[in-house]
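A short worksheet on the structure shown next.
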Amino acid sequence: MKKLIQLLTEKKLTIAVAESCTGGNLSALLTSENGSSVYFDRGFITYSNQAKMDMLGVNANTLKNFGAVSEQTALEMVQGVIKNSSANIGVSITGIAGPTGGTKDKPVGTVCFGFCILGECSITTQYFSGDRYSVVEQSVAFVVDVLQKQLQCIIM
């Protein structure tokens with residue numbers, strides 16, 4: 001985490017996040033260091049579908065057709081983060097932390113992520129195992145790892 005904070009600070013980048021299944025854990029980690037207001041713009045905890053629509057502009061048809069846990073929803077969430085913040089990095093997380101809520105197609109541990117870094121957006125789905133806390137922890141660690149690797153490649 002310290003490496004990510006160092007990269008954000010050195011490159012004068014700011015981040016905003018939208019969290020569903022992680023319930024604010026990524027935001028808490030990003031703001032755990034003194035001076036985090038230099039790089040952390042804001043966090044949206046959009047647990048319900050209504051919150052995703054109201055706060056981030058996720059389309060009701062996207063939720064109906066693909067579900068809250070989908071790459072399509074993760075993309076609309078991260079686009080909403082960028083639109084509704086002044087950050088140049090956006091992250092979204094939506095998934096099934098469990099222990100209930102999983103299906104055959106989307107088992108517990110399915111987590112979809114959206115990343116927008118300096119205008120370049122991408123989405124991915126990961127599958128984690130373990131209990132609810134473990135899925136949340138692995139999701140946050142995944143975001144930190146992806147951002148560290150991506151930001152190391154940016155020349156500012």
Side-chain angles (χ1 to χ4, degrees), residues 1-5 7-8 13-33 36 39-60 62-103 105-151:
M1 186 64 197
K2 289 193 183 279
K3 180 67 174 172
L4 175 57
I5 291 169
L7 288 164
L8 288 166
L13 297 170
T14 56
I15 187 168
V17 302
E19 300 181 69
S20 186
C21 67
T22 51
N25 279 270
L26 177 59
S27 296
L29 186 63
L30 286 166
T31 59
S32 64
E33 295 290 325
S36 59
Y39 58 84
F40 187 80
D41 182 66
R42 69 192 73 190
F44 301 90
I45 300 174
T46 55
Y47 213 77
S48 71
N49 286 351
Q50 193 64 51
K52 289 174 181 65
M53 292 185 291
D54 292 348
M55 297 173 73
L56 301 171
V58 173
N59 190 297
T62 301
L63 294 165
K64 180 182 174 191
N65 295 330
F66 301 102
V69 180
S70 66
E71 291 186 349
Q72 294 84 350
T73 297
L75 179 60
E76 289 186 23
M77 286 173 67
V78 77
Q79 289 170 334
V81 166
I82 293 298
K83 181 180 177 185
N84 293 298
S85 75
S86 59
N88 42 36
I89 297 173
V91 175
S92 67
I93 307 171
T94 184
I96 306 166
T100 61
T103 66
D105 293 334
K106 295 178 187 176
V108 169
T110 303
V111 184
C112 302
F113 301 87
F115 296 92
C116 281
I117 302 172
L118 299 173
E120 296 272 333
C121 295
S122 63
I123 49 176
T124 187
T125 300
Q126 297 294 308
Y127 301 93
F128 303 115
S129 61
D131 63 13
R132 182 178 186 81
Y133 178 78
S134 179
V135 170
V136 169
E137 192 174 63
Q138 290 173 80
S139 297
V140 170
F142 176 77
V143 169
V144 171
D145 185 55
V146 167
L147 290 175
Q148 284 178 177
K149 287 176 181 172
Q150 293 293 319
L151 296 186

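Here the structure is a predicted model, which is why all the values come from computation and not from measurement.
The OG atom of S85 lies 10.0 Å from the CG atom of L56; values are rounded to the nearest 0.5 Å. In this structure, CD1 in I123 is found 10.0 Å from CD in E76, a value given to the nearest 0.5 Å. One distance of note links SG of C121 with CD1 of I82; it measures 6.5 Å at 0.5 Å rounding. Atom OH in Y39 sits 12.0 Å away from atom CD1 in I89 (nearest 0.5 Å). For the atom pair L13 CG and D41 CG, the distance stands at 12.5 Å (nearest 0.5 Å). Atom CD1 of I5 and atom OG of S32 lie 5.5 Å apart (nearest 0.5 Å).
Checked options N59, N65, V78, T62; the residue passing with T73 is T62 (criterion: side chain to side chain contact (heavy atoms under 4.5 Å, CB included)). For the pairing with T94, the side chain to side chain contact (heavy atoms under 4.5 Å, CB included) check across C112, C21, S139, S70 returns one residue only, C112.
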Distance-only donor-acceptor hits, side chain of residues 43-51, under 3.5 Å, sequence neighbours excluded:
{"from": "Y47", "atom 1": "OH", "to": "R132", "atom 2": "NH2", "distance (Å)": "2.7"}
{"from": "S48", "atom 1": "OG", "to": "A51", "atom 2": "N", "distance (Å)": "3.0"}
{"from": "Q50", "atom 1": "NE2", "to": "D54", "atom 2": "OD1", "distance (Å)": "2.9"}

Name the atoms and distances for all side-chain donor-acceptor pairs under 3.5 Å in residues 143-151, with sequence neighbours left out.
{"from": "D145", "atom 1": "OD2", "to": "K149", "atom 2": "NZ", "distance (Å)": "3.1"}
{"from": "Q148", "atom 1": "OE1", "to": "L4", "atom 2": "N", "distance (Å)": "3.3"}

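Side chain of N88 to backbone of T14: a donor-acceptor contact under 3.5 angstrom is found. The main-chain N or O of G24 is found under 3.5 Å from a side-chain atom of E19 such that the two form a donor-acceptor pair. Of the possible donor and acceptor atoms, none in the side chain of T110 sits under 3.5 Å from a partner among the backbone N and O of T125. Looking at K106, its side chain never comes within 3.5 Å of a backbone N or O of I96 through a donor-acceptor pair. Side-chain atoms of S92 come within 3.5 Å of backbone N or O of G114 as a donor-acceptor pair.
Between M55 and N84 the shortest side-chain heavy-atom distance does not fall below 4.5 Å. Side-chain atoms of L63 and V58, non-hydrogen and from C-beta on, do get closer than 4.5 Å to each other. Contact check for V136 versus F128: no side-chain heavy atoms found under the 4.5 Å cut-off.
F142 is linked by a ring pair (Phe, Tyr, Trp, His ring centres under 6.0 Å) to F113, counting only residues two or more places apart in sequence or in another chain.
Of the charged side-chain nitrogens involved, at least one lies within less than 4.0 Å of a carboxylate oxygen, so that K2 and E33 count as a salt-bridged pair.
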